[in-house]
Structure formats: structure tokens, C-alpha cells
Amino acid sequence: RGYELLTEEEAQSSMRIRWHIFKLYFTNLNFRGHNVVDGHFYITENYIAFHAQNVFLQIAFLHGIPAGLCFLILSVWLFISYARLAIRGKRAEDILPILFWIVFIGYGMLEAVWYPGQSVLFFMYLVPKIMIDRGTLKKKK
């Protein structure tokens, strides 16, 4: 396999398993990306990790380092935009985009069940419609 497996004793710690998975995915990043099957790493003789356990690592692994960096930059930009809206907004629902972002990124930092193309990623980037509506209301006034 070309990499070290955890012993059964080491595999008793879920944090140790998670860090091992992160390390395997991170050290195997490239610029072109991988097939989904390339990311099926054995952690022990009996346990296979089917995804990176981190949405940023997963996207960078599947689509390459440039795509991973774009996703990271887009996520940071969205946070800044959402935070500005939450601070400056006058409507109660102006807080929703940042709350949605916190849930998505918070969960995504320790799990990667949201693969590209699934609806949650679509909705993650549809939420800014609230911001667009806000900007449209300003222009009309």
C-alpha cells in the first residue's frame, strides 16, 4: 500500500484515526485530483476510510490543489460577506447566511459526507440570494 497502517491498539483512539486519515489525504494531494476510489485508504487491516473526514481536504483531493484553494478562498470570502451582512443588516433574517455557513464549515471540518454535486453544496452557495435581495431592496429605495 505504500503507507503505514495503524495497529489495532492505535485504532482504539478515534482522534488518532482521524489524524491518520487527514495525513494520508494531505500527503497524497496533487494538482490534477484523484478518482473517488483513489481515496479509499486502509487505516487498519479491517478498516477503510472512504473519504477525507474534512470537506476542504476532500475537495482538494478529488479535484486538485487549485480547486481546493479556490474552495477555501470562496468559503473565507463568503464568511466575510455574511459577517458584514449580519453586523450591518437591519432584517432579522440577515443572520441566516452566517449561521448556515457556521454549520456547514463547522461540520465540514470533521466530516466530509457532502461531496461536490450534492444538494448541500448547491444550497451553500444559493444562500447568498438573501444578500442579493438585500442589495436589490437598497437600490429600489
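Because only heavy atoms are used, hydrogens play no part in the values below, and waters and symmetry mates are left out as well, while side chains stay in. Every value quoted in this text rests on a predicted model; they were computed, and no experiment measured them.
Looking at every heavy atom in both residues, His20 comes nearest to Ile43 through CD2-CD1, 3.9 Å. In terms of heavy-atom proximity, Thr44 sits nearest to Ala11 at CG2-CB, 3.5 Å. Residues Glu8 and Gln12 share a closest heavy-atom pair of O-NE2, 3.1 Å. Closest approach of Asn28 to His34, counting heavy atoms only: O-NE2, 2.7 Å. Considering all non-hydrogen atoms of both residues, Ala83 and Ile98 come closest at CA-CD1, 3.6 Å.
Taking hydrophobic clusters as Ile, Leu, Val, Met, Phe, Trp and Tyr residues chained together by side-chain heavy-atom distances below 4.5 Å, Val76 does not share a cluster with Ile87.
Formation of a donor-acceptor pair under 3.5 Å by the Tyr3 side chain with backbone atoms of Tyr42 is found in this model. Put simply, the side chain of Asn35 never gets that close to the backbone of Val37: no donor and acceptor are under 3.5 Å apart. Remark: the backbone N or O of Arg18 is not paired with any side-chain donor or acceptor of Gln53 at under 3.5 angstrom. At distances below 3.5 Å, not a single donor-acceptor pair connects side-chain atoms of Asp94 with backbone N or O atoms of Ala86. No donor-acceptor pair under 3.5 Å is formed between the side chain of Arg32 and the backbone N or O of His63.
Here the SG atom belonging to Cys70 is positioned 13.5 Å from the CH2 atom belonging to Trp77, to the nearest 0.5 angstrom. The CG atom of Leu24 sits 11.0 Å away from atom CG of Leu29, with the distance rounded to the nearest 0.5 Å. Note that CD1 of Ile73 is 12.0 Å distant from CG of Leu78, once rounded to the nearest 0.5 Å. Atoms CZ and CG, on Phe22 and Asn54 in that order, are 5.0 Å from each other to the nearest 0.5 Å. Atom CG of Leu57 is separated from atom CG of Leu62 by 10.5 Å, given to the nearest 0.5 angstrom. Note: Ile21 CD1 to Ser14 OG = 10.0 Å, rounded to the nearest 0.5 Å.
With sequence neighbours left out, the ring pair (Phe, Tyr, Trp, His ring centres under 6.0 Å) criterion links Tyr47 to no other residue. Listed by chain and number, the residues in a salt bridge (charged side-chain N to carboxylate O under 4.0 Å, His left out) with Glu10 are Arg16 (sequence neighbours excluded).
By the 30° and 60° cut-offs, the orientation of the rings of Phe71 relative to Phe56 is tilted. Relative orientation of the Phe50 and His40 rings is perpendicular, given thresholds of 30° and 60° on the angle between their planes.
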Would Phe41 and Tyr25 count as a ring pair (Phe, Tyr, Trp, His ring centres under 6.0 Å) here? Give the steps. CA-CA 9 Å; Phe41 291 107; Tyr25 276 86; 5.0 Å; yes
Mind running side-chain contact (heavy atoms from CB on, under 4.5 Å) on Asn30 and Ile65 for me, showing each step along the way? CA-CA 6 Å; Asn30 64 27; Ile65 293 170; 5.7 Å; no
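For an aromatic pair to be called close, the ring centres must be under 6.0 Å apart, and Phe104 with Trp101 fails this.
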